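I have placed the structure first, in the form of C-alpha cells, so that the comments after it can refer back to it.
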Amino acid sequence: MATTKSKRKSSSASAKKSDPASSSSPVSQKRTKILKQEEEDLPNASVVVEAPAVNNLPEKVEDHKEEEEDESRFIGDPVPEVEATRQWPHRYLNKTKNTGNIEALKGTVPPKEYIQARRHYTQALVDNRVPFKLGDGAYVQADEGVPYYICRIVEMFEGVDKELYFCAQWFYRAKDTVIQGCYNLIDDKRIFLSEIKDDNPLDCLVEKLKIVRVPLDVDVATKRAMLSNKDYYYDMLYLVPFSTYQNLPPDNEADGNESDSTISCESESNVAVTKVSKIKEVKKPVMRMLDLYSGCGAMSTGLCLGANIADVNLVTRWAVDLNKYACESLQLNHPETEVRNESAEDFLLLLKEWEKLCQSFSLIGGGDSLSVEKDEMEDAEDDGDDDDGGLDEEVFEVEKILSICYGDPKGMKNRGLCLKIRWKNYGPEEDTWEPIDGLGDCQDKIKKFVTEGFKSKILPLPGDVDVICGGPPCQGISGFNRFRNKENPLSDEKNKQLIVYMDIVEYLKPRFALMENVVDIVKFAKGFLGRYALGRLVSMNYQARVGLMTAGSYGLPQFRMRMFMWGARPNEKLPQYPLPTHNVVTRGVSPVEFESNAVVHDDVKVVLEKELFLGDAISDLPPVTNDEERDEIPYAEPPKTEFQKFIRLKKKDMPGFAGEDSSDHLLYDHLPYKCNNDDYLRACEIPKKKGANFRDLKGVRVRADNRVEWEPDVERVYLPSGKPLVPDYAMTFVEGRSLKPFGRLWWDEIVPTVVTRAEPHNQAILHPVQDRVLTIRENARLQGFPDYYKLLGPIKERYIQVGNAVAVPVARALGYSLAMSVKGTATDGPVFTLPKKVPNLEAEENQ
Ligand code: SAH
C-alpha cells in the first residue's frame, strides 16, 4: 500500500513506491500482507495486470502548470464539526496526539488506535485531476509491478498531524480472494467488497472509478448491461475467515458515504427475501434433498436427522451412486428415496432429457411440445394396426414402462435415453431396456409414464431440489495415487466428478449445496481443486464458504478431518459451521493457507464434553471370531455408555428420525473381514496390550532410530503354511518405522481414520482383545452410524460403504445448521454453538 506523503509526479512510477515502514496505518500493512499471501502463483495461473500500468496513467490535463499544483488537497468546505464528530467520533478523541484509543468509546471491541482528525472533508483534488468525492470508487497506488488496489473512499480528513488522509474500504479482485488462479471463472468486471478499512495518505489515490453495486441474483450479461460505462461491479462481500463469499449487508451505505452508484433493483431482491421469510414463519418447511455420490447415504442421513431435530423436515428424495451395493444399502434404510444406481454424469444427461420430455408433453413450459391430439390419433391408428396384426406372433406389445435411464444398458454401443419395458403377456424376468427412439409407436405409454413420473417426481427438474449434498470422489488427489497430475488437476479424469457435481448444481439450482471432500482438495496442487469448486459456486451467484471439520470433535473416537463447502443462493442465509462439542485436539493437517478454515473454538477456555475413546463406542458388543458369518445376532449386554445407549436407539426413538418405524432391531453387520489363516495366526500372536503390533512378534527388534530389524541369532519363525510369521512387507513398510502392521487398537485410543480396507497388513485395526480386525459394525460405530442402519453387499463392499461415509454426527451437526439458516434463526458469522445436548438423548434404553 502506498503510504508516503511524497508529492506525486504522474510521469514517475518510482515517486509513488510505497514504504510500509513509514506506514501510518497498521491496517494498510495488514492489507498488504493479506494480498501478498493470497497472490501466490497457482498452476496455470498467469499474472494479469488488470489495472492500467502506472505509466499509462492519463496524461495530466494541465501539464504545463507548476509542480506545486500537483499537491493533493481537499476542496470545498470541511464537514461541520458537529456532524463530523457525530459520524466519526473515533477521530475526535484527542486533539493533540495523532492516535486515539477507541477503547475510550463505549462498547467498541476490539480496541484499536485511530488517526485523529482536525476536520473531515467531502472532496479532494489529487494532481489536479477530477475531484474525488466521498463514496467514490478509486484505484490506489500499490507496490511497483502490482496492479492498483481498488477501494471506495469512506472518509477524507486532515489529521492532527496536518497530513491529509483518506480511509479506504477495500475491494478484492477475484484473483485476490481464495479463488486465486481460478479467477477466470469470474467475470473480470466483478469485484468483491471487503470489510477491511484503513487510512492512507491522500496522494495515493490514482484514478477515480465507477463501481456499482448490483443485485446478486442476475446473470453476468444483465449485470454488465446495468454497468454502461461503470468500471467494476460488486454483488458480494468476501471475508478471509472460512473463505466466505456472502451477501452484502442490506444497508451497506449506512455510513452515508455512498455516492449515487447503487442500482436500485437490489431493493427488489430484498423485498423477495422479506416475503420468503414471512412465508417460512407460517409453515414448517419441507425440503427435498438430492444426495449425489451417495454411497450408503451417511451424509444425507445425518443431515436429515440434524435438520429434523431443528424442526425442518428435510427428506432425501433422490440419491445417485455408481455402486450397486451402496445403492441397495441406501434403499433399505431409506424407502422414501428414489435411489438411482448410475453415474452422476449419466444422471445429469438424463435430467436434461427428462426436462425435454416433460416439456414435450406440456407438463412444464418451454421446449417443443408434441401435438398430443395428433399423437393420440396416431396411437389409436397403431392400436388398430396391432389388432390387425394380432395374429402375428413376432409383434411384442408394450404393457408398461417401468423406468428410465440415460446410457447404453443393452450394450449396443449407442448411448441415449432408454426405457425399461414390461412386455404384454411376459413377466418381470423378460423386462428389457429399449432406446426411446425405437418406441415411436407407443407415445401414449410414454406419455403416461412421463406424466406419472412428473407428478411423483421420480426425477428432479430445475428448481425442485432444495439441497444437494455429496462428496464427488477425487481419486486424482489421493495420497495413495502415485500418478497424480499436479500441473492440471482438472484435466485428470479421476477428478472429473468435481466438474460434474458443479454442473449438476448449475443445472438444478438448489437453494443450498453442501460438498464434502478430503482435506487434500485444498492442499493438492496448492488447493487448485478447492479453489475451482468455490469459483464455480461464486460464478453461479452462490454464496459460499469452506470449513475443515474433525469428526472426533462431534463425539466420535476418530480424528478424520474433512472439508465441507457450503453454497447458498442469494436469497438464502449462508449456513454456518457448528463448533466442536467434544474435546478432541485437531491433528494438524489443515494446510497453512487454510488454517483459518478449521472449525475450532477460538476461545481455548471454552468447556467441551470429554473426548470419546474406542471403548466408549464398542465395549458393549458381543465377542465374535474371525470366521463369524452371521449378519444379524442378538445384543448380549445392555449398553454401558451414553454413546452406546444413543447409537442403539430404535429408529423411532432416534432424535430427528421422521418416520414411523418402531421395530426392534438385532445387531447387524457385527462380523469381521475374514483374515486368511496365516493372518489369523499372526493376529493370535500379537499380545493383548496397548500399542502391540508386529514388533512384538518373535524375531523382530527395534533399533535406537525406531526402525525394525531382525533379531540376530533368532531363527525366523514359520507358520504351518510355510509362510513366515513376520512377513517381509511388515519389516519394510515405511522403511521399518511403522507401528501399523498387525497393530492392535486399545480401549483408550482415538483411531486416526476409519478406512475402506480391512486387511491388517499396514493398518492398526485389530480388536483390543479379540483375534480379528474390527467388524463392519465396529467401524460403523466409529463413524456414528446408528445401529439400526443395516448394510448390504459382500463384506468388503460393506467396509467400503462405511469407510467412505461422512461421519454421521458431523453431518447431523451440519443439518442442524442448515435448518437454522432455513428458519432464519441463524446468528451472524461463520460459526455457531450447538445446543448443549441433542434433545431426547435421554430416551429410554432399548434392549
Ligand atoms: N457421501 C457418502 C459417501 C460417498 S463416497 C456417504 O456419506 O455415505 C463416494 C461415492 O461415489 C462412492 O460410493 C462411489 O461408488 C461413488 N461414485 C464414484 N464415481 C461415481 C460416479 N461417476 N457417479 C456416481 N457415483 C460415483
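The chain is numbered in sequence order, starting from 1. Keep in mind it's a predicted model, so treat the numbers as computed, not measured. For ligands, and for the atoms within them, numbers begin at 1 and follow the listed sequence.
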Checklist entry - Between the side chains of Thr301 and His334, does any donor sit under 3.5 Å from an acceptor? => result yes

Checklist entry - Do NZ/NE/NH1/NH2 and the carboxylate oxygens of Glu338 and Arg288 come within less than 4.0 Å? => result no

Next on the checklist: So is Glu345 touching ligand 1 or not, going by heavy atoms under 4.0 Å?
Outcome noted: yes

Checklist entry - Below 4.0 Å from any atom of ligand 1, is there a heavy atom belonging to Glu516? => result no

Item to check | Minimum heavy-atom distance between Ile421 and Leu402, given as atom pair plus value | outcome: C-CD1, 4.3 Å

Checklist entry - Just checking, any donor-acceptor pair under 3.5 angstrom between side chains of Ser329 and Gln801? => result yes

Checklist entry - Quick one: does ligand 1 sit under 4.0 Å from the side chain of Ala326, the backbone, both or neither, non-hydrogen atoms only? => result neither

Checklist entry - Salt bridge or not for Arg511 and Asp466, using N-O below 4.0 Å? => result yes

Checklist entry - Is it true that Asp653 and Lys645 have a side-chain N and a carboxylate O under 4.0 angstrom from each other? => result no

Checklist outcome for this item: Nearest non-hydrogen protein atom to atom 6 (C) of ligand 1, with distance, is Ser294 O, 3.5 Å

Next on the checklist: When you measure from the heavy atoms of Val320 to every atom of ligand 1, does any distance fall below 4.0 Å?
Outcome noted: no

Next on the checklist: Please report whether ligand 1 has a polar contact with Leu322, defined as an N or O pair separated by less than 3.5 Å (distance criterion only).
Outcome noted: yes

Checklist entry - Tell me: protein heavy atom nearest atom 18 (C) of ligand 1, and distance? => result Pro473 CG, 3.4 Å

Checklist entry - Can a salt bridge be assigned to the pair Glu628 and Arg772 using a cut-off of 4.0 Å between side-chain N and carboxylate O? => result no

Item to check | Heavy atom of the protein closest to atom 4 (C) of ligand 1 (residue, atom name, distance) | outcome: Tyr293 O, 3.1 Å

Item to check | N or O contact, Gly471 vs ligand 1, cut-off under 3.5 Å | outcome: no

Checklist entry - Does the side chain of Tyr245 come within less than 4.5 Å of Arg545's, by heavy atoms? => result no

Item to check | Pro472 and ligand 1 - part of the residue with a heavy-atom distance under 4.0 Å | outcome: neither

Item to check | Pair Asp669 + Arg777: basic N to acidic O under 4.0 Å | outcome: yes

Checklist entry - Knowing that exactly one of Leu351, Asp346, Ile436 qualifies, which makes a side-chain contact (heavy atoms from CB on, under 4.5 Å) with Tyr406? => result Asp346

Checklist entry - Is Glu355 paired with Lys352 through a side-chain N to carboxylate O contact shorter than 4.0 Å? => result no

Checklist outcome for this item: So the atoms of ligand 1 within less than 4.0 Å of a heavy atom of Glu342 turn out to be 24 (C)

Next on the checklist: Distance under 4.0 Å to a non-hydrogen atom of Gly297: what atoms of ligand 1 satisfy this?
Outcome noted: 8 (O)

Next on the checklist: Less than 4.0 angstrom from a charged side-chain N to a carboxylate O is my criterion; do Arg317 and Glu336 meet it?
Outcome noted: no

Next on the checklist: Test of understanding: given a 4.0 Å heavy-atom threshold, classify the contact between Gln801 and ligand 1 as side chain, backbone, both, or neither.
Outcome noted: neither

Next on the checklist: With heavy-atom distances below 4.0 Å as the criterion, list the atoms of ligand 1 near Gly295.
Outcome noted: 13 (O)

Checklist entry - Is there a nitrogen or oxygen of Asp291 sitting under 3.5 Å from a nitrogen or oxygen of ligand 1? => result no

Item to check | Numbered atoms and elements of ligand 1 in range of Asn323, under 4.0 angstrom, heavy atoms | outcome: 15 (O)

Item to check | Lys/Arg-Asp/Glu bridge criterion (N-O < 4.0 Å) met for Asp464, Lys457 | outcome: yes

Checklist entry - Are Gln558 and Thr753 linked by a side-chain donor-acceptor pair shorter than 3.5 Å? => result no

Checklist entry - Which of the numbered atoms in ligand 1 are below 4.0 angstrom from a heavy atom of Val806? => result 6 (C), 7 (O)

Checklist entry - How far is atom 15 (O) of ligand 1 from its nearest protein heavy atom, and which residue and atom is that? => result Asp321 OD1, 2.6 Å

Item to check | Ala298: numbered ligand 1 atoms lying under 4.0 Å from its heavy atoms | outcome: 6 (C), 7 (O), 8 (O)

Item to check | Nearest non-hydrogen protein atom, atom 3 (C) of ligand 1 | outcome: Asn804 O, 3.4 Å

Next on the checklist: Any nitrogen or oxygen of Gln497, side chain or backbone, less than 3.5 Å from one on ligand 1?
Outcome noted: yes

Checklist entry - For ligand 1, is there an atom lying under 4.0 Å from some heavy atom of Gly470? => result no

Checklist entry - For Ala344, is at least one N or O under 3.5 Å away from an N or O on ligand 1? => result yes

